[in-house]
Amino acid sequence: MKYLYFNENGNLHIKAKTLDPELVIQFPNPIAVHSDYDTMVDDGAAEEGMPTPKREKTRTEVEADITYSERRAAAYPSIEDQLDKIYHEGLDAWKSEIKVIKDSNPK
């Protein structure tokens with residue numbers, strides 16, 4: 001899993017392996033993607049004998065790539081974290097947390 005933080009203009013600012021609360025304040029609504037998600041896209045035609053130029057995808061392009069199920073799956077905590085929450089805080093606390101995820105990622 002990696003998190004993509006975007007500037008207000010929709011350009012990618014930083015990629016991180018964790019959800020960082022300080023970055024979220026400065027760059028709200030990061031997008032969670034799979035670790036192997038490629039943030040690069042071809043940027044026009046290459047000159048003969050040259051590699052195709054690439055650029056980082058914009059927020060709009062990343063959002064278009066991500067399906068509903070990927071978006072929802074990325075929002076869930078790991079199974080280990082979910083089980084830990086159930087053990088320490090109970091089933092009702094876990095249900096509340098999962099409901100927020102489901103409500104924020106409707107079908």
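Source: prediction; values computed, not measured.
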| field | Nearest-0.5 Å distance, CG of residue D65 to NZ of residue K57 | value | 4.0 Å
| request: Report the distance from atom CD of E63 to atom CD of E61, rounding to the nearest 0.5 Å. | output: 11.0 Å
| task | Return the set of residues passing side chain to side chain donor-acceptor pair (under 3.5 Å) with T18 (not counting sequence neighbours), or none when no residue passes. | result | none
| Under the side chain to side chain donor-acceptor pair (under 3.5 Å) test, residues paired with Q82 that sit two or more places apart | W94
| said: Donor-acceptor check, side chain of N9 to backbone of N11, threshold 3.5 angstrom: yes or no? | reply: yes
| Which ILVMFWY residues are connected to V100, directly or by a chain of links, through side-chain heavy atoms under 4.5 Å apart? | none
| Pairs involving residues 76-95, ordered by first then second residue, that meet salt bridge (Lys or Arg N to Asp or Glu O under 4.0 Å) (sequence neighbours left out) | K85-E89, K85-E97
| Partner residues of R72 under the salt bridge (charged side-chain N to carboxylate O under 4.0 Å, His left out) criterion, sequence neighbours left out | none
| request: Could you note down all residue pairs passing salt bridge (Lys or Arg N to Asp or Glu O under 4.0 Å) where residues 10-30 supplies at least one of them, sequence neighbours left out? | output: K15-E56
| query | Transitive ILVMFWY cluster of Y3 at side-chain heavy atoms under 4.5 Å: who else is in it? | reply | M1, Y5, I14, L19, L23, V24, F27
| request: Can you run down the salt bridge (Lys or Arg N to Asp or Glu O under 4.0 Å) pairs that involve residues 26-42, sequence neighbours left out, and say none if there aren't any? | output: D42-K54
| query | What residues, two or more places apart in sequence or in another chain, satisfy side chain to side chain donor-acceptor pair (under 3.5 Å) together with D103? | reply | K99
| query | Who passes side-chain contact (heavy atoms from CB on, under 4.5 Å) against S35, sequence neighbours left out? | reply | none
| remark: Cluster membership besides V62, Ile/Leu/Val/Met/Phe/Trp/Tyr side chains within less than 4.5 angstrom, sorted by chain and number, is L4, F6, L12, I31, V33, Y37, I66
| said: How about CE on M40, more than 12 heavy atoms from neighbouring residues, nucleotides or ligands closer than 6.0 Å, or not? | reply: yes
| field | Distance-minimising heavy-atom pair for I101 and A75 | value | CD1-O, 3.4 Å
